[in-house]
Structures are given as structure tokens and as C-alpha cells.
Amino acid sequence: NVVLIMLESIGRTVMDEVVNGRAVAPSLQRLKSEGIWFENMYANSYRTDRGTVAVMSGYAAHPVVSVMKYPQKAHTLPAIARSLREEGYATSFMYGGDANFTNTISYLYGTGVERITDKAQLSFDAPTNKWGYADDVVCPYFADEVLSLSKQDKPFFATLLTLSSHEPFDVPYSAFEDKILNSVAYTDEAVGKMIDSWRGTPAWDDMLVILIADHGMPYPSSLTTGSRERQRIPMIWTGGALARSGFEVDTFCSQADLAATLLSQMGIAHNDFLFSHDIFDERQPHYAFWTWNNSFGMADKDGHLIYDLTGNTPTSQQGEASHYETRGKAIVQTIHQDIRKR
């Protein structure tokens with residue numbers, strides 16, 4: 001059974017922050033040490049709609065276009081949900097806000113998610129903020145849903161997108177003065193309690209839990225969109241299904257690589273995931289790739305390049321720039337050509 005938790009905006013700069021000796025995200029730090037930690041994971045873009053497609057379809061983000069907003073193309077994409085559904089899995093998605101934002105519902109149904117639960121189906125005796133119900137009420141509800149699914153006679157793939165660590169960062173919590181850090185601490189606590197509620201249950205033994213951010217955070221405020229520091233995000237694998245845990249993977253990778261990596265570990269074909277590489281396969285190329293506002297970035301163990309496609313010039317680089325420029329432009333062109341296909 002696979003549980004995917006997409007963490008709203010929780011980039012490495014906020015996850016790793018410590019204020020006056022107090023960790024902002026102690027639950028994630030604990031899970032990081034207990035499970036499998038991917039040190040060099042990068043977001044493929046800067047918005048939830050792009051990040052969702054990268055995570056769930058292994059599809060690299062276009063520098064300008066949001067594929068999710070084009071159903072004719074989005075519905076043709078491969079997806080973890082579609083692959084697992086073909087293997088007999090029940091597939092579901094939960095979000096405390098409006099799941100139709102940026103055409104998400106259409107994308108999810110079109111790529112194999114059978115059941116979607118969002119604010120329209122939820123009814124809590126709790127206030128909502130600008131986006132919907134807060135994580136401290138949705139996470140326990142999702143936790144119960146996972147336990148219920150585990151008692152059924154078929155395996156499941158259940159996804160939760162958290163909400164509270166999104167601007168305007170209004171949460172019923174007061175751990176830190178900085179609103180961004182306070183909201184992240186709030187989500188971290190809710191997610192940590194949710195995962196702990198599964199431990200010690202029969203469901204835990206057959207469960208793989210994957211935590212990954214949808215994109216990074218502009219914290220500190222000096223971080224610019226597309227900068228290498230802002231693109232770094234956490235990915236943690238935990239759960240009783242792991243054969244071994246408590247170690248770090250330093251391979252450079254991005255969200256789009258999750259699909260091939262997960263399916264490979266499950267013995268399921270992933271040849272149709274054009275932009276996804278198995279992180280554990282040493283024979284495949286390994287790098288981080290991201291796009292935003294007609295620009296792209298690439299990074300691997302030898303260096304990085306951030307490139308402005310409008311000005312046709314690098315804005316930051318380390319290592320052999322021509323090497324990254326050629327590969328990055330080829331990926332961008334491949335994405336563009338693939339989107340035009342129906």
C-alpha cells in the first residue's frame with residue numbers, strides 16, 4: 001500500500017531552519033533520520049499544478065505552459081495512479097481545499113484517480129482559511145481513511161495534498177513569530193501525528209509512505225524564483241514496507257523521477273514515463289532539472305546552470321556550462337514537442 005503526502009511549499013530552506021535552537025520541522029527531521037532520505041531532490045517547477053504533474057505523472061514542467069490546464073494532453077500522460085490501478089489498486093486523492101483549482105480534478109480523474117475528496121465533501125466543525133480546512137483537521141481524517149482502506153481486500157494508493165503552509169500562512173498556532181515558519185511548524189506537527197498514528201497498527205507493516213514537497217518556498221525573502229536554493233525540496237520514504245531504512249541517497253534527482261523509482265521498486269513497468277529516471281539505477285543519467293518563466297535550471301554532482309531562454313544567456317553557473325546548456329535546451333524542446341502531441 002502506497003501513501004503519498006505532498007507537502008505544500010515545504011522547501012529545504014524552511015524544513016532545515018532552526019530558530020534559537022528550536023527546529024521548525026522536528027517531525028520531518030525525525031522521519032528523515034528514520035527512513036530513506038533523498039538529499040539532492042529538486043522541485044521541477046514553482047507552482048502546485050506543475051509540481052503535482054511532475055510528482056504523479058513523472059512529467060517535467062514546461063517553462064511557460066501548465067500541462068494540467070490542457071485536458072486533451074493531460075489525460076494522455078502516464079501516471080502512478082494509472083499504473084497502480086491497472087495492477088488492481090484502489091486510487092484516491094484528498095485535499096482540504098478546492099481540488100478543482102487549476103483544473104486539478106480533471107487531471108486526476110483523467111490519469112487514474114478513482115475517488116477525490118476535497119472541501120466540497122468534507123464537513124468539519126472547524127473554521128477554514130483562504131484555501132480551505134487546516135491540516136490539523138484534515139490529517140486525522142486522512143489517517144482514518146488510510147486505516148479504513150487497509151482493511152479492504154485490495155491494495156491502495158492514497159494521496160494527500162496538505163494546505164496550511166501556503167500564503168497567507170494563517171494557522172491556529174503560535175510557535176514562531178515568522179508566519180511562514182509558524183505555518184510550516186503547524187503542518188509538520190499535523191503530519192507527524194498522522195504518521196505516528198499508523199505506527200503499531202497492522203496497516204503499518206504493508207505501508208510505504210512517501211513525503212515530498214510540491215515546490216519550494218520564498219524563504220528567506222531574498223530567494224528568487226528558480227534559484228537553486230529555492231528548488232531544493234525534501235523527499236522521505238518511510239513505513240513498514242521498507243526492506244531497509246535509516247540511510248541517505250545523495251543522487252541528484254527531481255520530482256519527475258519519483259514515478260520511475262517507485263514503480264521500479266514495485267516491479268511495475270515504467271517505460272512510458274518519458275522524463276522519469278529510476279534514482280536507484282546507476283545506469284541511468286541522474287540530474288535535477290527545473291523550469292519557470294521561460295528559464296530552466298540543471299544541477300548534478302559536477303555543477304549547475306541556470307539559464308534565461310528569453311535572453312539566451314546563463315544567469316548562474318558552476319562547472320561546464322556548455323554541457324548543461326545543451327542538455328537543458330534539449331529537454332525543454334522535448335517537453336514542448338511532446339505537449340503538442342495528442
Side-chain angles (χ1 to χ4, degrees), residues 2-6 8 43-121 132 149 154-161 163 210 212-215 254-264 266 268-278 289-292 331-342:
V2 181
V3 178
L4 173 64
I5 303 169
M6 289 197 291
E8 172 63 54
N44 278 110
S45 194
Y46 66 106
R47 294 281 301 273
T48 301
D49 53 338
R50 277 92 161 166
T52 298
V53 173
V55 169
M56 301 190 75
S57 284
Y59 199 81
H62 188 277
V64 178
V65 173
S66 173
V67 180
M68 185 180 280
K69 298 177 182 179
Y70 295 86
Q72 284 184 308
K73 179 60 186 179
H75 292 180
T76 70
L77 298 180
I80 296 172
R82 176 178 284 136
S83 293
L84 293 185
R85 187 172 175 178
E86 291 173 354
E87 297 292 325
Y89 278 64
T91 56
S92 63
F93 181 94
M94 187 175 294
Y95 177 57
D98 178 9
N100 201 39
F101 185 68
T102 66
N103 213 41
T104 305
I105 287 179
S106 173
Y107 161 74
L108 293 173
Y109 279 139
T111 53
V113 175
E114 298 169 293
R115 183 163 55 88
I116 299 172
T117 304
D118 72 352
K119 185 171 65 174
Q121 288 81 45
L149 287 169
K154 64 189 304 185
F156 65 86
F157 171 55
T159 300
L160 171 68
L161 173 61
L163 177 150
I210 300 173
I212 187 169
D214 60 347
H215 54 78
S254 60
Q255 290 167 318
D257 294 324
L258 170 59
T261 306
L262 172 64
L263 295 175
S264 177
M266 299 177 74
I268 299 172
H270 51 86
N271 299 333
D272 51 343
F273 290 82
L274 179 61
F275 300 101
S276 192
H277 301 108
D278 180 357
F289 174 81
W290 64 94
T291 65
W292 80 103
I331 295 170
V332 170
Q333 183 174 353
T334 303
I335 299 169
H336 186 74
Q337 291 174 338
D338 188 73
I339 288 177
R340 295 183 66 182
K341 295 178 182 177
R342 291 291 186 267

Fill in: From CA spacing to verdict: side-chain contact (heavy atoms from CB on, under 4.5 Å), His215, Arg50
CA-CA 9 Å; His215 54 78; Arg50 277 92 161 166; over 6 Å; no
Item to complete: Show your reasoning for whether side-chain contact (heavy atoms from CB on, under 4.5 Å) applies to Thr102 and Thr48.
Response: CA-CA 9 Å; Thr102 66; Thr48 301; over 6 Å; no
Worksheet entry | Stepwise side-chain contact (heavy atoms from CB on, under 4.5 Å) check, Leu149 with Ser92 | CA-CA 10 Å; Leu149 287 169; Ser92 63; 4.2 Å; yes
Item to complete: Report the C-alpha separation of Leu4 and Met56 in whole Å, then their side-chain angles, then the decisive distance to 0.1 Å, and conclude whether the side-chain contact (heavy atoms from CB on, under 4.5 Å) test is met.
Response: CA-CA 9 Å; Leu4 173 64; Met56 301 190 75; 4.3 Å; yes
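Remark: Phe157 CZ to Met266 CE distance equals 9.0 Å, nearest 0.5 Å. Here CD1 of Ile116 is found 9.0 Å from OG1 of Thr91. Values are rounded to the nearest 0.5 Å.
For Gln121, the side-chain contact (heavy atoms from CB on, under 4.5 Å) criterion is met by Thr117, Asp118, not counting sequence neighbours.
Taking 4.5 Å as the limit, some side-chain heavy atom of Thr334 sits within range of a side-chain heavy atom of Leu274. Side-chain contact between Leu84 and Ile268 is present, with at least one heavy-atom pair separated by less than 4.5 Å. Taking 4.5 Å as the limit, some side-chain heavy atom of Leu263 sits within range of a side-chain heavy atom of Phe273. In this structure, the side chains of Phe156 and Val3 come closer than 4.5 Å at one or more pairs of heavy atoms. You'll find the side chain of Ile80 stays beyond 4.5 Å of the side chain of Thr159, heavy atoms only. By the 4.5 Å heavy-atom criterion applied to side chains, His62 and Ile339 are counted as neighbours. Side-chain contact between Leu161 and Met6 is present, with heavy atoms from C-beta onward closer than 4.5 Å. Residues Lys73 and Tyr59 have side chains in contact (heavy-atom distance under 4.5 Å, counting atoms from C-beta outward).
In this structure, the side chain of Arg82 engages the main chain of Gly110 through a donor-acceptor pair within 3.5 Å. In this structure, Ser276 contributes its side chain and Ala256 its backbone to a donor-acceptor pair below 3.5 Å. Side-chain N or O atoms of Ser45 include none that pairs as donor or acceptor with a backbone N or O of Trp292 at under 3.5 Å. Listed for the Gln255 side chain is no donor-acceptor partner under 3.5 Å among the backbone atoms of Val53.
When only modelled atom types and interatomic distance are considered, His75 and Ser106 share a side-chain donor-acceptor pair under 3.5 Å. No side-chain donor-acceptor contact under 3.5 Å links Thr104 and Tyr95. For the residue pair Ser264/Asp278, the side-chain donor-acceptor check at 3.5 Å is satisfied.
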